[in-house]
Amino acid sequence: MTTSTNPPAGTENIELAGPETPIERLLATFMVGDTHFGVDALQVQEVLRHQPMTTVPLAPPDIRGLINLRGQVVTAMDLRRRLDIEGETDPSEAMNVVVRTDDGPISFLVDAIGDVLDTSGRELHPAPETLREPLRSLVTGVHQLDEDLLLVLDVKATCRPAGRGSSQVQAA
Amino acid sequence: MDELDEIIAEFLVESSENLDRLDNEFIDLEEDPTATEVLGSIFRTIHTIKGTAGFLGFANLESVSHAGENLLSKLRDGVMTLDSELTDVLLAMVDAIRSMLAAIEETGSESEGDFSELISRLSAYAAGERPDGADPSGSDAGGSVTESAGEEEVSAGPDGPGEQAAVAEETPVAASKGPDTSANDARAVTVEESDPPAGSDPSDAGPEVEVEASEKAEARPGADTPSSAPAPAAPTKKATRGPSQADSSIRVDVGLLDQLMNLVGELVLARNQILQHTSLNMDATLLATTQQLNLITSELQAGVMKTRMQPIGHLWARFPRVVRDLSNTCGKKVRLQMEGTDTELDKTILEAIRDPLTHILRNSVDHGIESPPERLAAGKNETGLLRLRAYHEGGQVIIEIVDDGKGLNVEKIAQKAVAKGLITPDRLARMTDREMANLVFLAGLSTAEAVTNVSGRGVGMDVVKRSIEEIGGTVDIQTEMGVGTTLTLKIPLTLAIIPALSVTCDEHQYLVPQVSLVELLRIDPSSSAPGIENAGGSPVYRLRGDLLPIVYLRDVLGLERIEEHSEEVHNIAVLHADGVTFGLAVDSVNNTEEIVVKPLGPHLKIIDAFSGTTIMGDGTVALILDAAGIARGAGLLIDEAADPLAEAIDEVSGSAGDNHSALICTVGGQRIAILLELITRLEEFSWDAVEKASGRDVIQYRGRLLNLVNLADVVAGAEQSGASRPKNLTVLVHETGDRFYGLVVDDILDVHEADLATAEPGLVPGVMCSTPIRGKVTDVIDIAAVVEAAAGSERVGV
């Protein structure tokens with residue numbers, strides 16, 4: 001619970017401090033635009049400040065590039081574009097939330113890192129019906145926090161590239 | 001319990017290795033049935049399996065190997081001579097043992113299969129009976145006994161009772177051989193070490209060996225009291241055999257090697273970064289240390305790579321058996337000759353070429369080599385020669401499969417390819433013999449007149465080609481009618497670390513794998529030689545008399561071109577992939593590097609132009625270009641001039657959806673598509689041929705009238721090509737039940753796959769649907785509607 005939205009300068013890695021609460025109940029949270037999102041902390045490998053990135057021509061728009069994570073090549077996904085949230089995240093200032101997937105780690109580019117929240121005792125409300133796509137299919141539920149709403153993201157579904165390959169017209 | 005599992009696992013690994021060896025030893029033996037050394041080795045292998053099986057309580061396995069052992073002991077002692085029939089039954093035993101081992105591996109216990117038939121067959125042969133009433137241990141066997149008895153330490157009389165005695169005596173001999181056989185095992189070493197004193201006193205050797213035997217192998221009642229005669233025989237025999245492989249090698253889990261390999265890859269990257277850093281530094285000590293680090297890393301890399309290397313002989317070990325079985329089934333005589341079995345390849349690559357190689361081999365035996373009468377009639381030796389040859393060349397491994405069979409009927413293949421519509425007759429006319437031979441790699445082309453149970457199993461030649469190309473290799477075929485066929489596979493040594501050329505485009509580095517690189521060109525427009533020229537809108541370069549299509553990397557990557565192409569100096573990397581050669585124009589060419597290939601994530605795999613990524617010396621991520629993907633993206637693999645193989649493969653791979661070949665044409669400046677299946681012919685007429693009939697334009701065509709339909713009248717947005725009419729009329733001929741219609745277009749551009757499943761239905765009459773073809777939305781013309789409209793207006797006009 002020590003992380004804040006303004007990490008001290010010079011800190012490369014913000015370790016997710018695990019308190020005594022069981023880790024299954026923890027959500028790592030971050031901001032994309034004005035929206036507060038949370039993902040299962042178990043699936044978060046690490047959180048990094050901005051990393052140098054190699055852009056990939058012809059890539060889907062939400063894939064901003066590739067970063068070198070200690071010798072591992074990690075795909076960086078612009079969550080704002082992935083979730084179709086208005087505005088632009090400046091990739092040169094974005095924070096990286098690196099999540100584990102079956103196909104290796106993927107880095108979510110987000111605007112700011114939030115607290116790690118203990119959700120035990122809090123009720124997960126179903127996402128409102130009015131939520132628009134693609135959020136609707138990617139948000140598993142909503143936590144009502146004191147100050148705002150926390151949308152819980154399905155990491156696996158968010159990272160899934162399916163369905164978007166067809167929009168890429170490659171000859172043959 | 002765990003310990004026992006471990007023992008079983010060890011037993012399984014060891015036995016399967018031994019069985020692989022057995023296959024070959026049997027084949028060797030068939031050629032030279034008197035090779036007692038080989039026989040002895042076979043006998044020991046089976047004996048070890050029997051012993052361990054008994055110890056571990058695998059009763060079935062024990063009884064089968066026991067029956068086999070009995071038969072083998074007869075052979076070894078020269079009571080019988082190995083012939084083809086005996087080899088068959090012994091190989092059947094090996095197969096049975098193998099299947100039992102597989103069952104044990106899977107379930108941990110023996111399968112309940114019934115092997116009594118096999119056992120009784122083995123015993124029958126061992127007892128000298130032949131099911132078909134063939135000559136038992138008659139004159140033939142008797143002769144060989146006298147011949148080989150002298151060589152063996154057991155002196156047994158060839159006559160009936162003597163034979164019995166030999167068998168009885170055999171048991172202890174076999175038992176005392178227990179430790180001998182298990183010299184593969186580290187524990188056996190201790191026996192060997194304690195042997196010298198024991199050997200001096202034969203009476204001591206007995207118990208010594210026996211303890212090991214009961215511990216290692218099994219304690220059969222007969223082994224309890226080895227007679228003093230055979231006991232000393234064991235040590236002496238041991239001495240003659242060389243040290244076993246096991247003494248100098250250990251087993252390592254492949255997963256661990258993979259991990260090591262990855263770590264070394266990281267180390268290489270870190271080393272590269274340090275090297276770059278220190279090159280700016282003046283500190284002498286640091287520089288020296290870095291140099292040291294550099295050397296050590298390189299050596300470590302080479303060393304670790306080596307651990308993953310396996311001799312190709314590993315893979316080939318089972319081929320003699322494959323060829324033997326196959327040639328027996330086909331009624332052919334084939335001699336397999338293998339050269340360069342110690343040529344080393346990365347394990348993963350070895351795995352990858354296993355199936356393709358087997359298939360090629362099967363093909364050669366089944367289709368390549370003729371039956372003995374045919375061969376004799378052709379003036380050849382009745383035994384066909386199949387030669388496998390492997391060697392290193394230019395950082396690659398070359399594998400040649402050469403047969404002296406009948407060769408491919410190139411003409412027939414070509415005709416078939418045309419008949420199946422895989423290539424056009426035009427294209428065929430321009431093909432060399434070698435190109436025609438390579439047509440066998442086309443999907444959907446089988447040259448076998450009749451499908452035997454051998455051909456058509458597993459993979460086809462097109463899959464062979466594709467699986468070899470998947471690992472960055474190439475396949476080539478050369479053939480001469482009546483003389484033979486040579487298949488040449490060129491395969492990279494390893495997949496993990498490859499040499500690549502680094503190029504720059506739009507300030508980013510990209511890497512071109514060295515395998516696809518042919519040469520580098522620098523075209524200076526200030527020189528007098530013609531630079532990049534324009535051939536019908538496509539940039540080409542005259543390279544030593546050939547036209548080299550030029551592809552701009554900036555176009556491929558969807559980046560903006562910086563300036564007019566014709567004025568700048570061009571750096572061109574000539575690439576070869578999938579049978580096409582093309583020039584890739586890049587901003588600048590840097591240097592070659594050894595790179596560690598890392599796969600692309602699932603989001604980026606869909607991009608054809610890249611095959612992977614790597615991390616450069618400065619820590620940045622760079623993309624590896626895929627020459628084949630670029631060629632495809634640029635349409636080089638699809639148009640007429642392209643490689644017919646890739647073309648056909650494209651067709652096949654594209655056949656998944658609702659795909660149709662569409663003819664891309666221009667009409668009055670508009671790009672349209674017409675389904676190729678609706679067009680009978682493409683014709684060109686001069687304007688003089690156009691005549692009027694019922695007030696409409698017609699051309700006399702094949703004895704009938706070709707009704708011209710100007711598509712410019714139909715296509716929305718097309719400009720009427722009034723004044724600037726071309727010299728000739730390009731006409732697509734469409735045939736309805738009773739009439740020929742000629743659809744007039746300005747230009748035919750290309751043929752492409754169009755996926756109609758995803759197409760938007762057309763909104764304007766005459767447009768069937770709109771779909772992106774090669775990245776541009778193109779209207780597909782509804783010919784039926786157009787023709788109907790034309791016919792309608794015709795009627796109205798009349």
Side-chain angles (χ1 to χ4, degrees), chain A residues 12 45 48 50-79 81-83 91-92 96 98-109 134 155-172, chain B residues 262-263 265-270 505-506 508-510 553-554 556-559 596 598-610 612-616 618-623 629 632-635 637-638 646-647 649-651 653-654 659 752-753 755 758 771-777:
Chain A
E12 280 299 318
Q45 177 179 320
L48 302 165
H50 163 67
Q51 296 286 309
M53 197 182 301
T54 302
T55 52
V56 181
L58 309 175
D62 55 353
I63 301 302
R64 291 308 278 266
L66 298 168
I67 56 176
N68 171 6
L69 184 68
R70 295 186 300 276
Q72 204 171 8
V73 177
V74 176
T75 308
M77 176 187 275
D78 186 332
L79 262 203
R81 292 190 181 176
R82 175 74 181 101
L83 303 176
S92 64
N96 290 278
V98 183
V99 295
R100 296 188 190 92
T101 75
D102 294 344
D103 297 308
I106 284 189
S107 173
F108 289 158
L109 297 184
V155 170
K156 211 170 165 183
T158 309
C159 292
R160 196 177 296 141
R164 285 176 304 138
S166 56
S167 66
Q168 276 274 317
V169 181
Q170 295 286 331
Chain B
N262 280 337
L263 285 173
E266 302 309 327
L267 185 63
V268 169
L269 294 176
C505 179
D506 200 32
H508 284 294
Q509 273 194 70
Y510 296 93
L553 186 55
R554 281 175 173 272
V556 170
L557 300 181
L559 306 167
V596 181
K598 292 172 184 293
L600 280 167
H603 296 87
L604 303 173
K605 271 207 185 103
I606 49 167
I607 307 174
D608 269 355
F610 307 124
T613 65
T614 189
I615 294 175
M616 303 299 291
D618 61 359
T620 56
V621 179
L623 290 152
R632 261 199 305 282
L637 288 182
I638 305 168
E647 215 174 293
I649 284 166
D650 259 31
E651 243 159 60
S653 60
N659 275 5
H752 270 289
E753 286 296 312
D755 187 358
T758 59
T771 186
I773 298 177
R774 286 197 64 202
K776 279 192 198 162
V777 175

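Residue numbers begin at 1 in each chain, while the letters A, B, ... track the order of the sequences.
Counting heavy-atom pairs closer than 4.5 Å to chain A, the top residue among B:Thr613, B:Leu600, B:Thr614 is B:Thr613. Ranked by non-hydrogen atom pairs under 4.5 Å with chain B, the options A:Val56, A:Val74, A:Ile106, A:Thr55 are led by A:Val56. Each of B:Val556, B:Leu557, B:Thr620, B:Leu623 has some count of heavy-atom pairs under 4.5 Å with chain A, and the biggest count is that of B:Leu557.
Here the closest heavy-atom approach between residue B:Cys505 and residue B:Tyr510 is recorded as O-CE1, 3.7 Å. Shortest non-hydrogen contact noted between A:Ile67 and A:Pro52 is CG2-O, 3.3 Å.
B:Asp608 CG to B:Arg632 CZ: the interatomic distance, rounded to the nearest 0.5 Å, is 5.0 Å.
Neither the backbone nor the side chain of A:Thr101 comes within contact range of chain B, judged by heavy atoms closer than 4.5 Å.
Under the salt bridge (Lys or Arg N to Asp or Glu O under 4.0 Å) criterion, B:Asp506 pairs with B:Arg554, sequence neighbours left out.
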